[in-house]
Amino acid sequence: MENKEPLLEIKNLTIKFGKGKDSFMAVDDVSFNIYRGETFGLVGESGSGKSTIGRGIIGLNEITDGEIIFDGKLISGNRSKKLSREITRDIQMIFQDPMASLNERAKVDYIVSEGLYNLKNYSTEEERKKKVENALLDVGLLPEYASRFPHEFSGGQRQRIGIARALIMEPKFIIADEPISALDVSIRAQVLNLLLELQKKKGLTYLFIAHDLSIVRFIADRVGVIHRGKIVEIAETEELFKNPLHPYTRSLLSAIPIPNPVKGKNKVLKPYKIEDIENRRHMEFIELRPNHYVLVERDE
Ligand SMILES: Nc1ncnc2c1ncn2[C@@H]1O[C@H](COP(=O)(O)OP(=O)(O)O)[C@@H](O)[C@H]1O
Ligand SMILES: [Mg+2]
């Protein structure tokens, strides 16, 4: 990517839950940028802090330390009313479970319009209806689906409704938090392709969260690997797959199922030693190869 300009800058982000001795650091001094128009894949096992980062960006989780800059503006800490409105419009989230994230009792028309209602950013009922129609068409659904209820749709269609609900706001940035993990394997590629298509068409920037490296390989331009609240490696996608440097990344890579069953049988799992990153105070993030950053032990 030429002329890289960050849309999102995360600087030394720390998010703790609880107080005092019992506090738990879910996100630990995390820094990364997401450039305009790119997809940044954030990968790590369940509980590693991925959603907490996503929720921190949109202001759903309180930030303990660090800064978040979006589109040149500091959005962490106290936001003015005007800035809050901007963030609510410009940053949208797509969630993992389309069954749980849609209001069962509301019609698609209402579900997709919710952000518009909240911000009151339409002038006539006709304009709102038109926006719903366009959002549904954008995700490959028929406009007449607006009058139906979520239970009338398949998992893949419901995720499309979730995407329409984000798109209707005309966001700049979308946080997709494991958007295909709950879907049937057979329709995952369709939803990923839809996201890629929409990105091109609308110039969107994505933070794509996954627990599976094989998915981000398909969709991400760059990947950050997170382990226990700490980013251990960041690189361009192909570089990361060709030259994984951190033992944790290697362990994740060797966990990717190999399609050929014969090869799979002989696969050697690369063990990963917990001591490698246990002592966090002596770790530092350095550029070991061009644009390839790794958390390493610092020489004392
Ligand atoms: N609101 C919360 N209160 C306390 N602990 C939380 C809260 N949200 C998340 N956590 C904990 O923070 C860690 C990271 O969670 P999360 O960001 O959801 O992980 P991931 O999305 O990578 O699976 C987990 O141990 C989780 O239990
Ligand atoms: Mg999560």
Side-chain angles (χ1 to χ4, degrees), residues 8 10-32 34 39-68 75-77 91-102 155 158-159 162-163 165-166 173-183 188 191-192 195 206-220 222-234 240 244 246-253 255-256 272 274 277-278 280 283 285 295:
L8 184 81
I10 296 190
K11 297 182 176 174
N12 306 105
L13 180 68
T14 297
I15 298 178
K16 274 187 197 164
F17 292 113
K19 292 245 150 69
K21 265 189 85 182
D22 295 325
S23 73
F24 166 72
M25 209 182 286
V27 177
D28 182 1
D29 195 18
V30 159
S31 301
F32 62 91
I34 302 183
T39 297
F40 186 89
L42 182 62
V43 182
E45 64 199 275
S46 175
S48 55
K50 306 181 297 293
S51 297
T52 304
I53 291 176
R55 293 167 57 85
I57 294 168
I58 53 170
L60 283 175
N61 278 331
E62 202 184 314
I63 287 162
T64 311
D65 215 343
E67 284 185 346
I68 300 173
I75 62 165
S76 50
I91 307 182
Q92 292 296 310
M93 211 154 167
I94 299 168
F95 298 95
Q96 172 175 357
D97 188 352
M99 299 299 161
S101 60
L102 303 182
R158 291 168 63 114
Q159 194 53 292
I163 296 169
R165 181 201 201 188
F173 179 56
I174 292 183
I175 301 169
D177 191 351
E178 307 213 29
I180 61 165
S181 304
L183 301 179
R188 288 181 178 179
V191 174
L192 284 182
L195 287 171
Y206 290 151
L207 169 58
F208 190 98
I209 295 174
H211 61 257
D212 185 339
L213 265 170
S214 62
I215 288 169
V216 293
R217 183 170 204 172
F218 181 73
I219 197 161
R222 287 189 307 134
V223 176
V225 177
I226 183 169
H227 179 61
R228 297 184 173 194
K230 199 96 182 141
I231 299 241
V232 297
E233 186 159 1
I234 295 179
L240 186 88
H246 196 279
Y248 181 68
T249 309
R250 291 186 183 170
S251 78
L252 278 183
L253 278 170
I256 291 178
Y272 143 72
I274 211 79
I277 66 158
E278 196 91 292
R280 290 175 168 172
M283 305 305 284
F285 213 53
L295 193 66

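Counting convention: from 1, in listed order, for ligands and their atoms alike. Positions are given from 1 along the sequence.
- The residue from Phe173, Phe208, Phe32, Tyr206 that alone fulfils the ring-ring contact (aromatic ring centres under 6.0 Å, His included) condition with Phe40 is Phe32.
- The nearest protein atom to atom 18 (O) of ligand 1, hydrogens excluded, is given as Ser51 CB, 3.7 Å; this is a heavy-atom distance.
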* **Glu178/Lys50 under side chain to side chain contact (heavy atoms under 4.5 Å, CB included): CA gap, chis, key distance, verdict** => CA-CA 10 Å; Glu178 307 213 29; Lys50 306 181 297 293; 3.5 Å; yes

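- Atom 12 (O) of ligand 1 is flagged as protein-proximal [any protein heavy atom, distance under 4.0 Å].
- Between atom CD1 of residue Ile175 and atom CD1 of residue Ile53 there is a gap of 10.5 Å, rounded to the nearest 0.5 Å.
- Side chain of Ser76 to main chain of Glu67: no donor-acceptor pair is present (N/O by atom type, distance under 3.5 Å, no hydrogens or angles).
- Closest protein heavy atom to atom 9 (C) of ligand 1: Phe17 CE1, 3.5 Å.
- Atom 26 (C) of ligand 1 is never approached by the protein to below 4.0 angstrom, counting heavy atoms only.
- Set against the non-hydrogen atoms of Ala26, the atoms of ligand 1 under 4.0 Å away are 12 (O).
- Counting heavy atoms from C-beta outward, Leu213 and Leu240 have side chains that approach closer than 4.5 Å.
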Side-chain donor-acceptor pairs of residues 12-26 under 3.5 Å, sequence neighbours excluded:
{"residue": "Asn12", "atom": "ND2", "partner": "Asp29", "partner atom": "OD1", "Å": "2.8"}
{"residue": "Thr14", "atom": "OG1", "partner": "Asp29", "partner atom": "N", "Å": "3.1"}
{"residue": "Ser23", "atom": "OG", "partner": "Gly20", "partner atom": "O", "Å": "3.0"}

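- Where the criterion is an N or O separation shorter than 3.5 Å, residue side chain and backbone included, Glu178 fails it with respect to ligand 1.
- Side-chain contact between Asp28 and Arg228 is absent, with no heavy atoms from C-beta onward closer than 4.5 Å.
- Each of the following atoms of ligand 1 lies closer than 4.0 Å to a heavy atom of Ser48: 19 (O), 20 (P), 22 (O).
- For atom 23 (O) of ligand 1, the nearest protein heavy atom (residue, atom name, distance) is Gly47 N, 2.6 Å.
- The ligand atoms of ligand 1 that sit less than 4.0 angstrom from a heavy atom of Glu45 are 22 (O).
- Ligand-side atoms of ligand 1 in range of Thr52: 9 (C), 14 (C), 15 (O), 16 (P), 17 (O), range being under 4.0 angstrom from any heavy atom.
- Two residues are said to be in side-chain contact when any heavy atoms from C-beta on lie closer than 4.5 Å; Leu195 and Ile94 meet this criterion.
- The shortest N/O to N/O separation between Phe24 and ligand 1 does not fall below 3.5 Å.
- Tally of protein N, O or S atoms closer to the Mg ion (ligand 2) than 2.8 Å: 1.
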